[in-house]
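Worksheet: the structure to be examined is printed underneath.
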Amino acid sequence: MTNQFLSSITYIVKTRFCEETQEFQQTEFSSDNSLAARNNAFKFIESYLEIIANEGLVQISSDIINSHAIKRFNKTILKPSNRTYKRIKLFNQDIISIIPNQKIFPKGIRLSFRINSPSKNDDFEEFEIFSFQKPNHTIINQQLNHLILEYSFLNYMGYHIEDEIVISKNQFITLSIEPAEFKIIDTPFEWKNETRKFSIDYLTNKHLFYDGLQHRLVHHEMYQYISFLERNCIEEIEKNVYSMLHSTGGLLFIGFHPENIVESAMSNEEIMDYYQYLNHSFSQDKYLFKNIYFDLINYQDFSVLAIVVYPLNQESKKRHAYNRDKIFVRQNNKFFKIKDS
């Protein structure tokens, strides 16, 4: 039974933008069940992306993926086919942006919500797929505050929210989030896992990303998704990366272990050899490499290799081409081949 002071929430999907009228084409979703309306709005966005992808009106972009791979993939999008959107979904990992055509969608595709109440008629934007600009920290901060507001309204209205996410303010160093800890409902392509939260805060700015890696190395005890290696060997690194790919992702530091500095330290030459070998090895599999990012940082005169791993989606897990004998999962701090686990 929902609270009747706030009867329901209407969700508004904004798509094509008319320059003459300065208005979006809008589709509204409203029902007695506000959670169902929210779900229907996101399903509509997914279907809409499929339609415009098959019309050749979508491209992909990434700050990490090899530019030549992006160009090759964009060519397949510009040749519409029934399989195009499935390919886009496959490539739509946390580090890749879906970009609608700039001329037709100059302000991107957006989702807002409106409280159905006589005293409130404002739209609160909580999600966007923008056409040509990179994510803006101010917009992300605003959307986060709106997601907090949405959760508060739905909770007040009496809805039981199963897909809630708890986020701490200290995970967003550069963003001025108001509460110290807050809950939101998941938004597709964005807030699902810890590594993604790190990415949203830093991926849009290379210097911020570098600083963010150093911050997490210094304050590693604050983040559960950070791992260190007691033995610096290729096999152990691969096992850790594979297990992160098949779980929730994570951040792995090579060349520095806070509890075993002497054994873990490596020379600049050794770190560079590891970097080049791993970069080459993982790049052989496109399904795998798009979810892995390598960076070299300096910390207290140590050369450290940082490996950011984003989790594979279900389709990538089914389709990746590398040897199943090398796919590991981690259980109780022990590694098992996935086919044996």
Side-chain angles (χ1 to χ4, degrees), residues 61-70 91 93-97 134-135 137 140 170-175 193-234 236-245 247-258 261 264-312:
S61 176
S62 173
D63 287 351
I64 294 178
I65 308 302
N66 182 286
S67 59
H68 295 296
I70 294 291
F91 276 77
Q93 301 297 311
D94 295 322
I95 52 178
I96 293 182
S97 301
K134 293 182 179 180
H137 285 286
I140 293 172
N170 59 25
Q171 292 175 303
F172 296 89
I173 302 168
T174 61
L175 302 183
N193 65 73
E194 299 289 337
T195 318
R196 174 58 174 163
K197 297 171 195 174
F198 167 70
S199 169
I200 285 177
D201 204 5
Y202 294 105
L203 196 56
T204 56
N205 185 303
K206 179 66 177 176
H207 297 295
L208 283 176
F209 190 74
Y210 183 91
D211 292 343
L213 288 174
Q214 286 199 319
H215 173 85
R216 274 153 177 75
L217 180 56
V218 175
H219 303 286
H220 57 88
E221 68 280 352
M222 295 168 53
Y223 305 98
Q224 294 183 351
Y225 56 86
I226 292 178
S227 299
F228 299 91
L229 284 187
E230 293 186 2
R231 291 195 303 139
N232 291 325
C233 67
I234 296 297
E236 289 299 310
I237 295 172
E238 289 183 335
K239 286 180 180 181
N240 275 269
V241 171
Y242 289 139
S243 68
M244 290 177 179
L245 284 166
S247 55
T248 57
L251 179 54
L252 179 64
F253 288 109
I254 312 299
F256 179 85
H257 193 301
I261 296 176
S264 62
M266 301 174 70
S267 68
N268 293 342
E269 292 76 14
E270 289 175 315
I271 283 288
M272 183 56 68
D273 287 343
Y274 271 54
Y275 170 80
Q276 292 176 343
Y277 174 83
L278 291 166
N279 192 61
H280 173 75
S281 177
F282 285 119
S283 67
Q284 303 305 303
D285 189 321
K286 64 180 182 179
Y287 296 106
L288 183 152
F289 191 53
K290 60 189 169 59
N291 285 61
I292 305 173
Y293 176 67
F294 299 94
D295 206 346
L296 296 169
I297 63 176
N298 292 311
Y299 176 66
Q300 295 183 355
D301 296 328
F302 292 96
S303 295
V304 181
L305 173 59
I307 306 177
V308 182
V309 182
Y310 303 88
L312 292 172

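- Phe302 and Gly255 make their closest contact through CD2-O, 4.4 Å (heavy atoms, listed as atom of the first residue, atom of the second, distance).
- With hydrogens and angles disregarded, a donor-acceptor distance shorter than 3.5 Å links the side chain of Ser283 to the backbone of Asn279.
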Quick one: do Leu278 and Ile237 satisfy side-chain contact (heavy atoms from CB on, under 4.5 Å)? Show the steps, please.
-> CA-CA 9 Å; Leu278 291 166; Ile237 295 172; 3.8 Å; yes
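- For the pair Ile307 and Tyr293, the minimum side-chain heavy-atom distance is 4.5 Å or more.
- Using a 4.5 Å heavy-atom cutoff, the side chains of Leu229 and Phe253 are not in contact.
- Judged as a ring-ring contact (aromatic ring centres under 6.0 Å, His included), and not counting sequence neighbours, Tyr275 has no contacts.
- Closest heavy-atom contact between Met244 and Ser227: CE-OG, 3.7 Å.
- You'll find the side chain of Gln276 stays beyond 4.5 Å of the side chain of Phe294, heavy atoms only.
- Side-chain atoms of Arg216 and Gln214, non-hydrogen and from C-beta on, never get closer than 4.5 Å to each other.
- For His220, the side-chain contact (heavy atoms from CB on, under 4.5 Å) partners at least two apart in sequence or on another chain are Ile226, Phe228, Pro258.
- Between Leu213 and Leu251, some side-chain heavy-atom pair lies under the 4.5 Å cut-off.
- Counting heavy atoms of neighbouring residues, nucleotides and ligands inside a 6.0 Å radius, atom CD of Glu221 exceeds 12 of them.
- A 4.5 Å side-chain heavy-atom check between Glu238 and Phe282 finds at least one atom pair inside the cut-off.
- Within the 4.5 Å cutoff, the side chain of Asn298 has no heavy atoms near those of the Val304 side chain.
- Scanning for side-chain contact (heavy atoms from CB on, under 4.5 Å) contacts around Asn268 gives Ser303, with sequence neighbours left out.
- Applying the ring-ring contact (aromatic ring centres under 6.0 Å, His included) rule to Tyr299 yields the partners Phe256; only residues at least two apart in sequence or on another chain are considered.
- Under the side chain to side chain donor-acceptor pair (under 3.5 Å) criterion, Glu270 pairs with Ser267, sequence neighbours left out.
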Test side-chain contact (heavy atoms from CB on, under 4.5 Å) applied to Met272 and Glu269, step by step | CA-CA 5 Å; Met272 183 56 68; Glu269 292 76 14; 5.8 Å; no
